[in-house]
*Asks:* 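Have a look at this one.
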Amino acid sequence: MRRKSRAGGMNLREKILRVLRSYSPDKIKIATLGSHSALNILRGAKDEGFETICLCRREDAIVYKNFGIADKIVELKEFDELLSKDLQDLLREENAILIPHGSFNAYIGKLDDLEVPIFGNRKLMEYETSREKQREWFLRAGVRIPKEFESPEKIDRLCIVKFQGAKGGRGYFLVTSAEDFKKKAKEILSRGLATEEELSRAEIQEYIIGANVYFSFFYSPVNDRVELISIDRRYEHIDGIGRIPAKEQLKLDFEPTYTVIGNIPLVLRESLLKQAFDVAEKIVSVSKEIAYPGMVGPFCVETVFNERAELIVFEISARIVAGTNVGIPNSPYSYVLFGENMYMGRRIAREIRLAIEKDMLEEVIY
Ligand code: AMP
Ligand code: AMP
């Protein structure tokens with residue numbers, strides 16, 4: 001059984017290419033799940049002249065109808081209906097290319113059964129669900145990362161306990177010792193913020209005190225270059241803590257979490273950009289070794305700058321992140337680079353358009 005599924009996995013790219021070759025290049029449509037960064041993606045597709053399809057949950061249809069950026073709306077009960085035969089048939093008939101985002105990771109997970117062309121590299125997207133694999137990627141790239149603690153007993157400094165996958169920081173907590181870990185883990189479990197299994201697979205990472213910066217890059221196979229599209233920082237539940245004076249904080253018994261609520265655009269000191277480009281180039285270079293054909297399209301490098309303004313990477317997402325929503329219709333960086341309105345959703349559609357024109361579509365699809 002296992003061998004069979006592995007063989008299926010090996011043939012996946014061939015299957016996808018076969019589907020892609022059955023498409024008429026001038027009839028290609030852009031499709032995505034209605035959530036996360038769908039407004040960004042669909043607006044971008046329209047700006048580049050594509051017809052669009054939005055697959056959304058029934059209750060969210062009101063949002064996508066309201067914005068008028070979906071030429072076709074398909075209502076679903078749950079996002080994982082995307083894997084159903086009927087829906088996949090429909091997408092193939094429509095000549096659709098799917099643009100994956102955080103909800104593909106969060107609500108669907110493994111994309112091996114999805115035989116519809118995806119923009120980007122679905123193998124690299126899977127790295128997001130395994131912190132161990134990400135760590136390997138970073139180590140091979142030689143980028144600086146926080147220290148990792150194998151077990152709670154080894155904790156000797158301020159650490160952050162993080163769960164696997166794109167959970168948007170939900171349930172993360174800070175600990176300073178093994179006892180502290182035990183106490184807080186119990187609390188997290190009783191509050192239903194994580195399961196025993198999730199807790200046992202959680203990553204215990206040195207907490208880097210500093211300024212968080214999220215870089216959204218785009219690797220363009222058409223232009224063969226890394227492009228900085230926008231920078232943001234997150235607005236998280238814990239950010240509210242600063243509104244309560246320390247005196248009151250001490251009297252309260254509460255655990256703030258890192259649950260993300262939104263994003264705030266950011267412009268970096270120009271002298272710090274070099275470190276970010278350096279890391280992005282290294283990450284892209286190693287991506288080609290670990291998952292053919294390597295990075296394609298959007299990726300986000302999540303970092304903290306420490307007290308010496310040194311960049312430390314704590315996570316990577318090999319897809320569009322919701323932080324790029326702050327860059328519509330442009331960010332200072334995309335404007336400098338393109339001299340026109342450019343944002344991640346549009347940049348993706350532009351790459352597809354250029355790839356169609358240059359007969360390079362097979363290089364940006366998996
Ligand atoms: P949603 O459709 O809002 O449930 O988002 C899908 C997944 O992406 C969830 O796992 C969220 O935690 C994550 N997500 C959504 N928005 C953001 C954001 N602005 N920053 C980081 N993660 C996010
Ligand atoms: P992540 O799920 O890895 O994107 O982390 C969610 C949030 O936790 C980030 O936005 C940061 O605020 C925080 N965080 C994660 N890892 C670290 C770290 N090693 N040091 C400091 N803050 C972190």
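Order of listing sets the numbers, starting from 1, for every ligand and every atom in it. Side chains included, hydrogens not; waters and symmetry mates left out as well; all remaining heavy atoms used. In this text, all values refer to a predicted model and were calculated from it rather than measured experimentally.
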*Asks:* Just to be sure I read this right, does ligand 2 sit under 4.0 Å from the backbone of Tyr207, its side chain, both, or neither, counting only heavy atoms?
*Replies:* both
*Asks:* Please determine if Ile208 has a nitrogen or oxygen closer than 3.5 Å to a nitrogen or oxygen of ligand 2.
*Replies:* yes
*Asks:* If you count the atoms of ligand 1 from 1 in the order shown, which ones are under 4.0 Å from a heavy atom of Ser35?
*Replies:* 2 (O)
*Asks:* Select one of side chain, backbone, both or neither to describe which atoms of Glu206 lie under 4.0 Å from any atom of ligand 2, heavy atoms only.
*Replies:* backbone
*Asks:* Determine, step by step, whether Glu148 and Arg131 satisfy the salt bridge (Lys or Arg N to Asp or Glu O under 4.0 Å) criterion, reporting the C-alpha distance in whole Å, the side-chain angles of both residues, the deciding distance to 0.1 Å, and the verdict.
*Replies:* CA-CA 11 Å; Glu148 185 81 26; Arg131 296 198 179 270; over 6 Å; no
*Asks:* Go through ligand 2 atom by atom and flag the ones less than 4.0 Å from a non-hydrogen atom of Glu315.
*Replies:* 1 (P), 2 (O), 3 (O), 4 (O)
*Asks:* Between the side chains of Asn341 and Tyr335, is a donor N or O closer than 3.5 angstrom to an acceptor N or O?
*Replies:* no
*Asks:* Examine Arg157 relative to Phe149 and say whether NZ or CZ is less than 6.0 Å from the centre of the six-membered ring and inside a 45° cone about the ring axis.
*Replies:* no
*Asks:* If the contact criterion is a heavy-atom separation under 4.0 Å, does Tyr214 count as touching ligand 2?
*Replies:* yes
*Asks:* Checking contacts here: is it the side chain or the backbone of Asn212 that comes within 4.0 Å of ligand 2, counting heavy atoms only? Could be both or neither.
*Replies:* side chain
*Asks:* By number and element, which atoms of ligand 1 are closer than 4.0 Å to a non-hydrogen atom of Val260?
*Replies:* 17 (C), 18 (C), 19 (N), 20 (N), 21 (C), 22 (N), 23 (C)
*Asks:* Using a 4.0 Å heavy-atom threshold (strictly under), name the region of Arg234 that reaches ligand 1: side chain, backbone, both or neither.
*Replies:* side chain
*Asks:* Which ligand 2 atoms does Arg131 reach within 4.0 Å, using its non-hydrogen atoms?
*Replies:* 2 (O), 3 (O)
*Asks:* If you count the atoms of ligand 2 from 1 in the order shown, which ones are under 4.0 Å from a heavy atom of Ile160?
*Replies:* 8 (O), 13 (C), 14 (N), 15 (C), 16 (N), 17 (C), 18 (C), 19 (N), 23 (C)
*Asks:* Taking the side chain as every heavy atom from C-beta outward, state whether Asn212 and Arg234 have any atom pair closer than 4.5 Å.
*Replies:* no
*Asks:* Please work out whether the ring planes of Phe217 and Phe215 are parallel, tilted or perpendicular, with thresholds of 30° and 60°.
*Replies:* parallel
*Asks:* Suppose we screen for salt bridge (charged side-chain N to carboxylate O under 4.0 Å, His left out). Which residues come up paired with Glu363, at least two apart in sequence or across chains?
*Replies:* none
*Asks:* When you check the side-chain N and O atoms of Asp232 and Thr324, is any donor under 3.5 Å from an acceptor?
*Replies:* no
*Asks:* Can you sort out which atoms of ligand 1 are near Ala322, meaning under 4.0 Å from one of its heavy atoms?
*Replies:* 16 (N), 17 (C), 18 (C), 19 (N)
*Asks:* Which word best sums up how the rings of Phe173 and Phe163 line up, parallel for under 30°, tilted for 30 to 60°, or perpendicular for over 60°?
*Replies:* tilted
*Asks:* Does Asp359 have more than 12 heavy atoms from other residues, nucleotides or ligands lying within 6.0 Å of its CG?
*Replies:* no
*Asks:* Numbering the atoms of ligand 2 from 1, which are under 4.0 Å from a heavy atom of Tyr172?
*Replies:* 1 (P), 2 (O), 5 (O), 6 (C), 8 (O)
*Asks:* Do Leu266 and Val313 belong together in a cluster built from hydrophobic side chains that touch within less than 4.5 Å?
*Replies:* yes
*Asks:* Glu236 versus ligand 2: do any nitrogen or oxygen atoms come within less than 3.5 Å of each other?
*Replies:* yes
*Asks:* Closer than 4.0 Å to some heavy atom of Asn263 - which atoms of ligand 1 meet that?
*Replies:* 18 (C), 19 (N)
